[in-house]
Amino acid sequence: MKQLVLVLVIGVLCLSGTLDGQAASKEEQRVLKEYRSFKFGLTVTQIAKIMYGTSYKQHLKQTNGATVFKKKANWTQNEQGYRSRGYSFYDQSKTLPRLMMFEFHTKKNQKTYFLVQKTLQFAADTNSGLRESTRTLKHVTYIRGDETETELDELLSGKGLGQVAMRWSWDFTSVQTKQERKEYKYRGQIKIYTFKSSNPKKQIEATMKFDHASKQYKLNNYTILPIKTK
């Protein structure tokens, strides 16, 4: 969990951009398709091929016998033979400014890095610095705490949950031993939304976590946030 927190504390984006609805929608579909193509267990080289195509080798280098990105890592760590490193990739698109983050780990005493965690944040000129949903929560007291997306939708204005601020998922299976896989199901998927509140001075940040048993997202927790005056 320590590494999961490290990814999120990199900071809120300060990218600026204007969102043209149709252009942003098409671009988001393309971005999400690419994001989903970054499968857990892929190596740094394989991720680079998806990102850069035939020029991928220009973006890689060898460090202590391991293939890594040439760009500076946000952080690196080596604990008891397990190595890890994280990277951020900014895209200051005019229609869809965003930040994608990757975390790679090695197996014990090995040098190949495998993707174990990824995050996609959509930036905007908002109170949070991230894209916010246009939906309004009728009243926070209506929240039970474990609503599915369909149930939460019923508590919001409009149809659907609106635009997501962040997608975050992790799966450490590729670097775990067989015994660790039996003991720890270290994988998950999260979507974070920021909704408007019936109180004009407040917002609600909602975290939806994928429930593998029911195969659907459910509300994991929510926070009431004050809106800062500019």
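Side chains of Leu60 and Phe69 form a contact here, defined as non-hydrogen atoms less than 4.5 Å apart. Between Leu32 and Leu120, some side-chain heavy-atom pair lies under the 4.5 Å cut-off. Thr106 has its side chain out of reach of Lys111: every pair of non-hydrogen atoms, C-beta onward, lies at least 4.5 Å apart. Contact of the His212 side chain with the Lys185 side chain is not registered, since no non-hydrogen atoms from C-beta on lie closer than 4.5 Å. Side chains of Arg135 and Ser157 form a contact here, defined as non-hydrogen atoms less than 4.5 Å apart. A heavy-atom distance below 4.5 Å is found between the side chains of His105 and Ser84. With contacts defined as side-chain heavy-atom distances shorter than 4.5 Å, the pair Val31/Leu96 qualifies. Within the 4.5 Å cutoff, the side chain of Glu205 has heavy atoms near those of the Ile192 side chain.
The side chain to side chain donor-acceptor pair (under 3.5 Å) test with Glu149 singles out one residue from Lys218, Gln216, Lys191, and that residue is Lys191. If you run ring-ring contact (aromatic ring centres under 6.0 Å, His included) between Phe102 and each of Phe89, Phe114, Tyr87, Tyr113, only Phe89 comes through. Between Leu152 and the options Tyr217, Tyr142, Tyr193, Phe195, a side-chain contact (heavy atoms from CB on, under 4.5 Å) holds for only Phe195.
Asp153 meets the salt bridge (charged side-chain N to carboxylate O under 4.0 Å, His left out) test with no other residue; sequence neighbours excluded.
Atoms CG and CG, from Asp211 and Leu219 in turn, are 12.5 Å apart once rounded to the nearest 0.5 Å. Atom NZ in Lys118 sits 8.0 Å away from atom CD in Gln189 (nearest 0.5 Å). A distance of 10.5 Å separates OG1 in Thr173 from CD in Glu180, rounded to the nearest 0.5 Å. Separation of atoms CD (Glu132) and CD (Gln163) is listed at 10.5 Å; rounding is to 0.5 Å. If you take OG1 on Thr43 and CZ on Phe104, they are separated by 8.0 Å, rounding to the nearest 0.5 Å. Atom-to-atom distance recorded for Ile143:CD1 and Leu137:CG is 4.5 Å, nearest 0.5 angstrom.
Closest approach of Lys202 to Ser197, counting heavy atoms only: O-CB, 3.1 Å. Taking both residues in full, the closest heavy atoms of Ser37 and Leu42 are given as O-CD1, 3.9 Å, listed atom of the first, atom of the second, then distance. Nearest heavy-atom pair across His139 and Ser198 is CD2-OG, 4.0 Å. Between Lys196 and Ile204, the shortest heavy-atom distance links the atoms O-CD1, 4.0 Å. Closest approach of Ser174 to Leu115, counting heavy atoms only: OG-O, 4.0 Å. Residues Tyr35 and Arg167 approach most closely at OH-O, 3.5 Å, considering heavy atoms.
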Could you go through Leu155 and Lys138, starting from their C-alpha distance and side-chain angles, then the distance that decides it, and tell me whether this counts as side chain to side chain contact (heavy atoms under 4.5 Å, CB included)? CA-CA 6 Å; Leu155 306 179; Lys138 297 172 184 177; 5.7 Å; no
Decide side chain to side chain contact (heavy atoms under 4.5 Å, CB included) for His59 and Met51; before the verdict, give the C-alpha distance in whole Å, the side-chain angles of both, and the deciding distance to 0.1 Å. CA-CA 10 Å; His59 301 274; Met51 296 180 71; over 6 Å; no
Start with the C-alpha gap between Met100 and Asp91, add the side-chain angles, then the distance that decides, and say whether side chain to side chain contact (heavy atoms under 4.5 Å, CB included) holds. CA-CA 8 Å; Met100 197 174 293; Asp91 192 318; over 6 Å; no
In sequence, state the C-alpha distance, the side-chain angles, and the governing distance for Phe40 and Arg187, and then conclude on side chain to side chain contact (heavy atoms under 4.5 Å, CB included). CA-CA 10 Å; Phe40 293 113; Arg187 59 193 176 99; over 6 Å; no
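A donor atom on one side chain and an acceptor atom on the other are found under 3.5 Å apart for Gln62 and Thr67. Using modelled atom types and a 3.5 Å distance limit, the side chains of Asn220 and Thr207 yield no donor-acceptor pair. Counted by atom type alone, Trp168 and Gln121 present zero donor-acceptor pairs between their side chains at under 3.5 Å.
Counting heavy-atom neighbours within 6.0 Å of Tyr184 OH, excluding the residue itself, gives a total of 12 or less. Within 6.0 Å of atom NZ in Lys57, 12 or fewer heavy atoms from other residues, nucleotides or ligands are found, so the atom counts as exposed in its surroundings.
A chain of hydrophobic side-chain contacts below 4.5 Å, direct or via other Ile, Leu, Val, Met, Phe, Trp or Tyr residues, connects Ile190 to Met166. In terms of hydrophobic clustering, with Ile, Leu, Val, Met, Phe, Trp and Tyr side chains grouped at heavy-atom distances under 4.5 Å, Phe38 and Val68 are assigned to a common cluster.
Salt bridge annotation for Arg98-Glu27: present, with a cationic side-chain nitrogen under 4.0 angstrom from a carboxylate oxygen.
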